[in-house]
There are 2 protein chains.
Amino acid sequence: MMARSPTTLDAFAAIAEPRRREILSALSRGLPVVEGGRDVTWLVEELGWPQPQVSKHLGVLREVGLVSVVRKGRRRMYSVNGEELKPVYEWVKKYERFWEQQLDRIKARAERMERERQ
Amino acid sequence: MMARSPTTLDAFAAIAEPRRREILSALSRGLPVVEGGRDVTWLVEELGWPQPQVSKHLGVLREVGLVSVVRKGRRRMYSVNGEELKPVYEWVKKYERFWEQQLDRIKARAERMERERQ
DNA sequence: TTGATATATTCCGATATCGGTATATATTTG
DNA sequence: CAAATATATACCGATATCGGAATATATCAA
C-alpha cells in the first residue's frame with residue numbers, strides 16, 4: 001500500500017506554508033540583499049514566534065534553497081535566495097492568459113445558470 | 001496542544017501537490033477556454049490515474065476555486081479558473097528582483113573576470 | 001574554564017493528507 | 001423500471017507535517 005507520496009520537497013511545497021511565506025516576506029523587506037542578511041534573533045523578534053519554530057521553518061527553506069545562510073560568529077545571517085522562486089514564477093506565468101482573458105464573465109454566467117438549475 | 005494548523009486550504013496549498021499541477025496542465029493545454037471544458041473521463045484517460053484519485057484532486061482544486069465545473073448531462077466539464085492563480089502570481093512577482101539581481105551579479109562577476117583575464 | 005547567548009535538533013502528540021478500494025449518487029438508455 | 005455510465009464520496013491505513021517543550025551544539029565573554 002503505497003500511501004502518501006514522499007513529499008517532494010520543492011519550492012512549491014515550501015511556500016505552501018503561510019508562515020514560511022511570512023519569513024520570506026520579513027527577510028525581504030527593507031534590507032538590500034547585498035548585505036549579510038538578518039539573523040534568527042531578529043526574525044524571532046520580528047515575527048513573535050518561538051525560536052524553534054522559526055529555526056525549523058528556516059530549515060525547510062534552507063533545504064529547498066529558498067534562503068541562503070552565512071555564519072557570522074554565533075549568528076546566522078539569512079537572506080532570500082530568489083533563484084529557487086523562479087520556477088514557481090515561470091509555472092504560474094503559463095496561466096497568465098487564464099486570468100487576463102475576460103472569459104471569466106462567460107464562465108461565471110455559465111456557472112450561475114448551472115447553480116440555478118440545481 | 002494546538003498541533004498542526006488547520007491547512008488553510010488556498011491556492012498555494014493546492015498547487016503544492018504535483019498531481020494537481022498536472023491536472024491544471026492537462027486542462028489548460030490545447031483547448032480554448034470558451035468551450036465547456038473537459039470531462040473527468042477525458043482526464044482519467046489523459047493522465048492514466050484511477051478515477052477516484054482524479055476526482056479527489058479535482059475536488060480540492062474546485063474547493064479552492066482553481067477550476068470551474070459545468071454539468072453537462074452526466075458529465076462534468078472542468079476548466080481552469082485562472083482568477084485564483086493571480087494571487088500566487090502577484091506574490092511571487094514581488095520577489096522578482098531577488099532572482100534578477102542575482103543573475104545580474106553573476107553576469108557582472110563573469111564580465112569582471114573576463115576583463116581581468118585579458 | 002564557566003557561564004551566557006544564538007541557533008539547531010530531537011522527541012512527542014495531534015492531525016492532515018495521500019493513495020487505494022469500495023460504494024453512493026446521478027443521469028442516460030433500453 | 002433496470003442496466004449502464006459518469007462522477008463523487010466514504011472509509012482505511014500509512015505517513016508527513018506542524019507546534020510545543022526540552023535539549024544539544026557552537027561561540028563569545030568574563
Side-chain angles (χ1 to χ4, degrees), chain A residues 1-23 26-27 36-64 66-79 114-115 117-118, chain B residues 1-23 26-27 36-64 66-79:
Chain A
M1 210 155 286
M2 210 163 301
R4 193 176 180 178
S5 66
T7 309
T8 324
L9 210 49
D10 58 0
F12 286 93
I15 66 170
E17 172 66 28
R19 291 174 195 264
R20 285 194 286 265
R21 291 202 299 278
E22 279 191 66
I23 287 182
L27 282 177
R38 297 189 136 149
D39 67 357
V40 180
T41 300
W42 179 85
L43 272 173
V44 167
E45 284 169 7
E46 185 78 2
L47 299 166
W49 310 339
Q51 174 267 316
Q53 189 174 348
V54 174
S55 278
K56 272 186 288 188
H57 282 305
L58 280 173
V60 175
L61 293 170
R62 210 187 324 128
E63 239 183 298
V64 172
L66 278 171
V67 296
S68 304
V69 208
V70 174
R71 295 173 89 134
K72 199 101 180 182
R74 58 185 156 181
R75 309 232 165 148
R76 315 249 175 142
M77 314 305 285
Y78 279 88
S79 56
E114 170 61 22
R115 277 197 302 275
R117 209 162 60 80
Q118 290 173 357
Chain B
M1 210 157 285
M2 210 162 302
R4 192 174 179 180
S5 66
T7 310
T8 324
L9 211 49
D10 59 359
F12 286 94
I15 66 170
E17 172 67 27
R19 291 174 194 264
R20 285 195 285 266
R21 292 203 298 277
E22 278 191 67
I23 288 182
L27 282 178
R38 298 190 134 148
D39 67 358
V40 180
T41 300
W42 179 85
L43 273 172
V44 168
E45 284 170 7
E46 185 78 2
L47 299 166
W49 310 340
Q51 174 266 316
Q53 190 174 349
V54 174
S55 277
K56 272 186 289 188
H57 281 305
L58 281 173
V60 175
L61 293 170
R62 209 186 324 125
E63 241 182 297
V64 172
L66 277 170
V67 295
S68 304
V69 208
V70 173
R71 295 172 89 136
K72 201 103 181 181
R74 59 185 157 185
R75 308 236 167 146
R76 316 248 176 144
M77 315 306 285
Y78 279 89
S79 57

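Please read all numbers here as calculations on a predicted model, not as lab measurements. Below, chain A is the first sequence line, B the second, and so on; all start at residue 1. All heavy atoms count here, side chains included; hydrogens, waters and symmetry mates do not.
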How would you summarise protein contacts on nucleotides 22-30 of chain D per nucleotide, using B for base, S for sugar-phosphate only and - for none, with heavy-atom distances below 4.0 Å?
B---SBB--
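- B:Glu45 and B:Thr41 share no side-chain donor-acceptor pair at under 3.5 Å.
- Residue pairs meeting the salt bridge (Lys or Arg N to Asp or Glu O under 4.0 Å) criterion with at least one member in residues 48-57 of chain B: none, sequence neighbours excluded.
- Side chain of B:Arg20 to backbone of B:Ala14: a donor-acceptor contact under 3.5 angstrom is found.
- Place B:Trp42 and A:Arg20 on DNA chain D by their nearest nucleotides, and B:Trp42 ends up nearer the 5' end.
- Here C:dC11 presents its P atom at 20 Å from CD of A:Gln53, a figure rounded to the nearest Å.
- Side-chain atoms of A:Arg21 come within 3.5 Å of backbone atoms of A:Ile15 as a donor-acceptor pair (strictly under, hydrogens ignored).
- The phosphate of C:dA6 has neither OP1 nor OP2 within less than 4.0 Å of any side-chain N or O from A:Tyr78.
- For B:Thr41 and A:His57, each mapped to the nucleotide of DNA chain D holding its nearest heavy atom, the one lying further toward the 5' end belongs to B:Thr41.
- For the pair B:Arg75 and C:dT28, the criterion of a side-chain N or O lying under 4.0 Å from OP1 or OP2 is not met.
- The CG-C1' distance, from A:Leu43 to C:dA8, rounds to 14 Å in whole Å.
- For A:Trp49 (side chain) and A:Leu47 (main-chain N/O), a donor-acceptor pair under 3.5 Å exists by modelled atom type.
- Atom NZ of B:Lys56 is separated from atom P of C:dA24 by 16 Å (rounded to the nearest Å).
- Residue B:Met77 contributes atom CE, which lies 17 Å from atom C1' of C:dA26 at whole-angstrom precision.
- Between the CD atom of A:Glu17 and the C1' atom of C:dT15 there is a distance of 14 Å, given to the nearest Å.
- The side chain of A:Ser55 has C:dA8 as its nearest neighbour among D:dG19, D:dA8, C:dA8.
- Within the 3.5 Å criterion, the main-chain N or O of B:Val67 finds no donor-acceptor partner in the side chain of B:Arg62.
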